[in-house]
Every structure is written in C-alpha cells, then in structure tokens.
Amino acid sequence: MSGREQQPTMGKDVLVLTWKYFSAREEIARFLEERGCRFVEKEIRYPVDEEQLCELVRDVDGLVVGLEPITARVLAHANRLKVISTSGVGFDNIDVAEATRRGIVVANCHGANEHSVAELAFGLMLALARGIHRSDRLMREGRWEPYFGVELWGKTLGVIGLGRAGRAVALLGRGFGMRVLAHDIVWDTTFANAHEISYVPLEKLLRESDFVSLHVPLTPDTRYLIDERALSLMKPTAFLINLARGPVVKQSALVEALRRGQIAGAGLDVFEVEPIRDNPFVEFENVVMTPHLGGSTEEARERTLYLALTNVCNVLNGRPPHHQVNTDVRIGN
Ligand SMILES: NC(=O)C1=CN([C@@H]2O[C@H](COP(=O)(O)OP(=O)(O)OC[C@H]3O[C@@H](n4cnc5c(N)ncnc54)[C@H](O)[C@@H]3O)[C@@H](O)[C@H]2O)C=CC1
Ligand SMILES: O=CC(=O)O
C-alpha cells in the first residue's frame with residue numbers, strides 16, 4: 001500500500017492493517033462510507049513492527065488487524081482509538097487487558113473460518129497418513145516409489161479445544177470413520193453425545209489418539225500445553241497437528257521428539273515465531289508445513305472481511321459488534 005492522500009483527522013477514521021484485504025480496498029472504502037466511516041490510507045511497511053504501529057495508530061478511531069502486535073505501548077499512542085477488530089478468531093496478539101483499561105472495545109470474527117481450518121487439518125492429516133508430500137517430491141525428481149501409509153478409518157482422533165474449529169474437525173473425523181476423543185475446559189455434552197464424541201482428560205487423549213489436533217486459543221494456560229511430558233505420552237505411531245497457535249507447542253520439545261522418533265510426525269500450520277526463521281523442521285520427512293494458512297480460503301476471507309468491518313462500524317456507531325472479546329467495555333462511551 002502506498003502512502004498518498006492525507007485523510008481528514010477528525011471523524012470515524014478506520015485503518016485496515018490486514019494484508020489479505022489489500023485487493024478489496026475499494027470495497028472496504030465503500031462499506032465504511034455507507035456506515036459513516038472513512039477508510040484511512042497510510043503507508044504500511046510489512047512486516048509491521050511495534051515502532052511502526054505506534055505511528056500508524058495515531059488519530060484513528062477504528063482498527064482492523066491481522067497478527068500485528070497491539071501491545072500496551074502501541075495502545076498508549078492510540079489517542080482516539082475506540083475499537084480494534086481482528087480479521088480472524090485469535091486475539092492473542094492484542095493486549096486485551098490494556099485495551100479494556102483504556103475503554104477500547106476488542107472484537108473478533110468468531111465463526112468465520114472454522115471449516116477452512118478443519119479442512120486444512122484433514123489436509124495435513126491425510127498428507128502425513130499417506131505420504132502425499134513425499135511422493136509428490138519424489139515424482140518431481142523422476143522417482144516412482146511406493147509408500148505404504150495408514151488409513152484414517154478406525155483410528156482415534158483427539159481434539160484439544162472442542163470449540164468451533166475443534167467441532168468442525170471432530171465432525172469430519174466422524175465422517176472419516178474415526179473414534180473421536182475431546183478435551184476442553186467447557187463441556188458441551190449435547191453436541192458430544194449427538195456425535196458420539198467422548199470428553200476425556202488430556203492425559204488419556206494423548207495416550208490413546210492416533211492423531212492429536214490442537215484447536216485451543218493461546219492463553220497463559222495453553223502456552224506450551226504440548227511440552228516434553230505431553231509428547232512423551234503420545235504413541236510412537238501418532239501424529240500431532242497444530243492449527244491453533246505456535247506457542248501452544250514447545251517447538252524445541254517437538255523437534256527433540258521427532259529426532260527420537262517419539263511420535264510419527266507432525267502437521268504444522270503455526271509456529272512459535274512467524275515467519276519461521278532457521279526452520280528446524282526441514283530435516284524431517286514426516287513433517288508437513290503450511291505458512292499459517294488455516295483461515296486462508298476465499299470464503300473465510302469474505303466472511304472475515306465483512307465481520308471485521310461490521311465490528312468496527314457497529315462500535316463506532318454505538319452498536320454491539322458481531323463478537324466482543326472484552327464484554328466489560330461499554331459501547332458508546
Ligand atoms: N491457523 C489458523 O489460521 C487459525 C487458527 N485459529 C486458532 O484456533 C483457535 C480456536 O479457534 P475456534 O475454534 O474458532 O475458537 P473457539 O473459541 O470457538 O474455540 C476454542 C475452544 O478452546 C477451549 N479452550 C480454551 N482454553 C482451553 C484450555 N486451557 N484447555 C482446553 N480447551 C480450552 C474453549 O473452551 C473453546 O471450546 C483460535 O483462538 C486461534 O488461535 C483460528 C482460526 C484460524
Ligand atoms: O489465525 C487466524 C485466526 O483466525 O485466528
């Protein structure tokens with residue numbers, strides 16, 4: 001995005017940081033205008049660091065963010081900010097406590113991308129189970145070599161975090177003929193009973209699952225949920241799938257577990273530091289990686305674009321957003 005016209009500094013100015021919406025700038029401007037808001041054009045250099053964010057958030061009323069770090073320091077520079085919306089579900093990049101202290105509403109796009117996430121989770125599971133990624137690479141080298149994989153049918157799928165994405169994964173698992181175990185801090189027994197899904201303690205899930213799929217938010221409780229001990233409980237034939245957030249898995253412990261053959265492989269969409277540098281997983285044939293693509297489909301992009309802009313416009317017009325994270329902040333102050 002190139003910096004050009006200077007926008008008026010008063011009024012309901014909305015800055016959209018999310019790179020995935022660049023091609024929709026005209027549509028965004030129209031959507032905002034119809035709701036009494038203005039699309040602010042500022043020069044943005046990616047990846048956006050804290051320093052640049054401190055400048056970018058000045059004199060804006062609404063903000064749509066991707067994974068940019070909205071820290072206490074950034075919020076201290078946000079002299080007019082009333083609402084921040086994520087362009088996805090996770091909001092671990094935002095200092096919600098500080099936003100709340102400052103009376104800034106934080107909203108997200110809950111329910112907009114779980115099917116995209118679930119389908120990619122199965123993409124990674126199937127690639128690992130059948131060696132699709134290896135075979136593709138070998139054939140590009142002119143080699144024709146059989147690979148004996150395993151079926152998903154009849155296997156046990158362990159879903160950690162049976163929220164929107166976790167449920168979508170669980171339902172696909174049932175469709176593949178899998179036994180599904182779940183672990184969550186909140187139980188929805190009506191859903192679980194209706195689909196023959198069993199809630200179990202984390203330890204049992206890790207011991208019994210052939211595929212462990214992570215769908216928890218990143219919180220102090222879930223940081224390093226999968227560490228050396230958790231990995232040691234998994235079967236040597238089991239695969240770990242992470243489409244939640246990188247730090248839910250202790251990366252060094254996973255690398256060590258893969259080196260020792262403690263688990264059969266991993267499907268990773270998210271990493272402790274993104275973009276990943278000096279990627280330690282390239283040495284493993286039994287790891288399939290994608291660059292944080294869980295919610296990256298045309299359909300999810302459309303839904304999140306609409307919901308993120310609705311979140312911001314609603315709050316700036318004194319109405320509740322699609323989904324408010326810090327419900328203790330009153331709207332319309
Ligand atoms: N890879 C990607 O592109 C994407 C990643 N995500 C990540 O996936 C996470 C989950 O997304 P949704 O399912 O849509 O959110 P959700 O809020 O519907 O589900 C999260 C579930 O995790 C459970 N949970 C929270 N803390 C827990 C804990 N300590 N132990 C066990 N369960 C716990 C909650 O009770 C809830 O059922 C997001 O927070 C985000 O970080 C979401 C969308 C796309
Ligand atoms: O990572 C994406 C999200 O929606 O959260």
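Numbering of ligands and ligand atoms starts at 1, following listing order.
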Check your understanding: Which of the atoms of ligand 2 are close to Arg245, meaning less than 4.0 Å from one of its heavy atoms?
Key ->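 Selected atoms, number and element: 1 (O), 2 (C), 3 (C), 5 (O).
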**Study point:** Which of the ligand 2 atoms, numbered from 1, are nearer than 4.0 Å to a heavy atom of Gly90
**Key:**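 In order of number, 3 (C), 5 (O).
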Could you identify the single nearest non-hydrogen protein atom to [atom] and state the distance to 0.1 Å?
atom	value
atom 29 (N) of ligand 1	Thr222 CG2, 3.4 Å
atom 19 (O) of ligand 1	Gly163 CA, 3.3 Å
atom 44 (C) of ligand 1	Val117 CG2, 3.3 Å
atom 1 (O) of ligand 2	His292 NE2, 2.6 Å
atom 11 (O) of ligand 1	Val89 CG1, 3.8 Å
atom 10 (C) of ligand 1	His215 O, 3.4 Å
atom 7 (C) of ligand 1	Ala244 O, 3.5 Å
atom 5 (C) of ligand 1	Leu243 O, 3.0 Å

Is it true that a side-chain atom of [X] and a backbone atom of [Y] form a donor plus acceptor pair closer than 3.5 Å?
X	Y	answer
Asp61	Asp13	yes
Tyr224	Val248	no
Asp210	Lys155	no

Practice item. Indicate whether the side chain of Ser85 and that of Asn311 have a donor and an acceptor atom separated by less than 3.5 Å. Key: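 Looking only at side-chain atoms, Asn311 and Ser85 do form a donor-acceptor pair, the distance falling under 3.5 Å.
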**Study point:** Partners meeting side-chain contact (heavy atoms from CB on, under 4.5 Å) with Glu98 (sequence neighbours left out)
**Key:**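 Testing Glu98 for side-chain contact (heavy atoms from CB on, under 4.5 Å), a comparison that skips the adjacent residues, returns Ala72, Leu75, Asp95, Arg101, Arg102.
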Could an N or O of ligand 1 be found under 3.5 Å from any N or O of [X], whether backbone or side chain?
X	answer
Asp269	yes
Ala165	yes
Arg164	yes
Leu293	no

Check your understanding: atom 25 (C) of ligand 1: which of Gly88, Ala182, Pro217 has the nearest heavy atom?
Key ->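 Among Gly88, Ala182, Pro217, the closest heavy atom to atom 25 (C) of ligand 1 belongs to Pro217.
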Exercise for review: Closest by any non-hydrogen atom to atom 32 (N) of ligand 1: pick that one out of Val216, Leu225, Asn113.
Suggested key: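 That would be Val216.
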Exercise for review: Flag yes if Met178 and Ile263 sit in one hydrophobic cluster, no otherwise; membership is Ile, Leu, Val, Met, Phe, Trp, Tyr, and two members link when side-chain heavy atoms are under 4.5 Å apart.
Suggested key: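 Unlinked, Met178 and Ile263 end up in two clusters.
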Need the ligand 1 atom indices (1-based, order shown) with element for anything under 4.0 Å from a heavy-atom of [X].
X	result
Leu162	37 (O)
His292	1 (N), 2 (C), 3 (O)
Gly294	1 (N), 2 (C), 3 (O)
Gly295	2 (C), 3 (O)

Review point. Should Leu268 and Val287 be marked as a side chain to side chain contact (heavy atoms under 4.5 Å, CB included) after you check the CA-CA gap, both sets of side-chain angles, and the distance that decides it?
Key: CA-CA 7 Å; Leu268 305 173; Val287 173; 4.1 Å; yes
Check your understanding: In terms of ring plane angle, is the pair Phe239 and Phe211 parallel, tilted or perpendicular, where the classes change at 30° and 60°?
Key ->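 Taking Phe211 first and then Phe239, their aromatic rings lie parallel (interplane angle under 30°).
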Check your understanding: Which part of Ile185 is near ligand 1, with near meaning a heavy atom under 4.0 Å away: side chain, backbone, both or neither?
Key ->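 The part of Ile185 near ligand 1 is both the backbone and the side chain.
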Review point. Quick one: does ligand 1 sit under 4.0 Å from the side chain of Asp184, the backbone, both or neither, non-hydrogen atoms only?
Key: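 The part of Asp184 near ligand 1 is both the backbone and the side chain.
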Check your understanding: Would you say Leu254 and Leu240 make side-chain contact, with heavy atoms under 4.5 Å?
Key ->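 They are in contact (side-chain heavy atoms under 4.5 Å apart), so the answer is yes.
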Practice item. Using a 4.5 Å cut-off on heavy atoms from C-beta on, say whether the side chain of Val16 contacts that of Phe22. Key: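 No; the side chains remain at least 4.5 Å from each other.
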Exercise for review: Compute the shortest N/O to N/O distance between Val89 and ligand 2 and return yes if it is under 3.5 Å, no if not.
Suggested key: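 Indeed, backbone or side chain, Val89 has an N or O that close.
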Exercise for review: Identify which one of Ser116, Ser23, Ser87 satisfies the side chain to side chain donor-acceptor pair (under 3.5 Å) criterion when paired with Arg301.
Suggested key: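 Among Ser116, Ser23, Ser87, the one that satisfies the side chain to side chain donor-acceptor pair (under 3.5 Å) with Arg301 is Ser23.
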Review point. Taking non-hydrogen atoms only, is Thr304 closer than 4.0 angstrom to ligand 2 via side chain, backbone, both or neither?
Key: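 Neither; no heavy atom under 4.0 Å.
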Exercise for review: Mind checking whether Glu114 contacts ligand 2 via backbone (N, CA, C, O), side chain (CB onward), both or neither, at a 4.0 Å heavy-atom cut-off?
Suggested key: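 Looking at Glu114 and ligand 2, no heavy atom falls under 4.0 Å.
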Is the shortest distance from a heavy atom of [X] to ligand 1 less than 4.0 Å?
X	value
His110	yes
Arg245	yes
Thr219	no

Is it the case that atom [atom1] in [X] sees more than 12 heavy atoms from other parts of the structure closer than 6.0 Å?
X	atom1	answer
Glu196	CD	no
Glu151	CD	no
Tyr306	OH	no

Review point. What's the spacing between Leu124 CG and Leu243 CG if we round to 0.5 Å?
Key: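 Interatomic distance, Leu124 CG to Leu243 CG, rounded to 0.5 Å: 5.5 Å.
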Review point. Is the cationic atom of Arg174 (NZ for Lys, CZ for Arg) positioned less than 6.0 Å from the six-membered ring centroid of Phe176 and within 45 degrees of its normal?
Key: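 No, a cation-pi geometry is absent between Arg174 and Phe176.
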